[in-house]
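Values below: all heavy atoms of this structure, side chains included; hydrogens, waters and symmetry mates excluded.
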Amino acid sequence: SRTLEIDEELYYELERLSSKVYDASISKLVNAAIENLIQTENIQIYKRKNTSYVSRSFLIRRSFLEGLYNLKKKYRIP
């Protein structure tokens, strides 16, 4: 389990998708998104609109977490 800060609006959208659209937990949705990001390297940096963040715990595969750290280093994301 990993605790991360996430945009509050994004988290509420993940909750909605998890309960009403997909038969998947929020952690599974997050892992699927991370896997896609690692495969495509479709990194889009944008200015934060919302400054409201919440801390949430996610079960993230170790290999995906390592992949995120690699992308962070490769694209020099703070």
Side-chain angles (χ1 to χ4, degrees):
S1 180
R2 183 87 174 162
T3 300
L4 303 171
E5 284 191 0
I6 184 170
D7 180 283
E8 192 172 26
E9 289 178 23
L10 174 59
Y11 186 79
Y12 290 141
E13 181 63 13
L14 287 168
E15 277 186 322
R16 185 190 72 77
L17 291 170
S18 176
S19 65
K20 299 187 190 271
V21 178
Y22 299 105
D23 184 21
S25 67
I26 293 173
S27 287
K28 287 183 180 179
L29 294 175
V30 169
N31 275 286
I34 291 170
E35 181 178 26
N36 180 269
L37 180 66
I38 291 168
Q39 290 173 351
T40 63
E41 292 193 20
N42 186 13
I43 308 293
Q44 297 180 10
I45 307 294
Y46 62 93
K47 188 170 184 169
R48 295 179 179 173
K49 295 178 192 173
N50 185 4
T51 58
S52 180
Y53 290 87
V54 292
S55 292
R56 300 290 183 195
S57 292
F58 299 98
L59 293 173
I60 299 175
R61 284 184 176 178
R62 184 180 313 267
S63 62
F64 292 168
L65 196 54
E66 290 168 3
L68 282 177
Y69 287 131
N70 290 338
L71 288 175
K72 184 177 176 179
K73 184 177 178 180
K74 180 176 181 178
Y75 290 96
R76 298 180 183 176
I77 299 170

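Rounded to the nearest 0.5 angstrom, Lys72 NZ and Asn70 CG are separated by 12.0 Å. The distance from atom CD of Glu15 to atom CG of Leu10, rounded to the nearest 0.5 Å, is 10.5 Å. The distance from atom CD of Glu8 to atom CZ of Arg56, rounded to the nearest 0.5 Å, is 7.5 Å. The distance from atom CG of Leu71 to atom CD1 of Ile77, rounded to the nearest 0.5 Å, is 7.0 Å. Between the CZ atom of Phe58 and the NZ atom of Lys28 there is a distance of 15.0 Å, given to the nearest 0.5 Å. To the nearest 0.5 Å, atoms CD1 (Ile26) and OG (Ser57) are separated by 11.5 Å.
Minimum interatomic distance between Arg61 and Asn31 (heavy atoms only, all atoms of both residues): N-OD1, 3.0 Å. In plain terms, the two heavy atoms of Leu59 and Ser27 that are nearest each other are N-OG, 3.1 Å. Summarising the geometry of Ile38 relative to Leu68, their closest heavy-atom pair is CD1-N, 4.1 Å, with the distance given to 0.1 Å. Minimum heavy-atom separation, Ser18 to Ala24: OG-O, 2.6 Å. Among all heavy-atom pairs drawn from Leu65 and Ile60, the shortest one is N-CG2, 4.1 Å. Closest non-hydrogen pair, Leu29 versus Leu14, comes out as CD1-O, 3.9 Å.
When side chains are defined from C-beta on, Tyr53 does not count as touching Ile6, because their heavy atoms never get closer than 4.5 Å.
Every residue two or more places apart in sequence or in another chain was checked for a side chain to side chain donor-acceptor pair (under 3.5 Å) with Ser25, and none qualifies.
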key: Criterion side chain to side chain contact (heavy atoms under 4.5 Å, CB included) on Glu9 and Glu13, from CA distance to verdict   = CA-CA 6 Å; Glu9 289 178 23; Glu13 181 63 13; over 6 Å; no

request  = Starting from the C-alpha separation in whole Å, work towards a yes-or-no answer on side chain to side chain contact (heavy atoms under 4.5 Å, CB included) for Phe64 and Val30.
outcome  = CA-CA 10 Å; Phe64 292 168; Val30 169; over 6 Å; no

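Around atom CG of Asn42, more than 12 heavy atoms belonging to other residues, nucleotides or ligands sit under 6.0 Å away.
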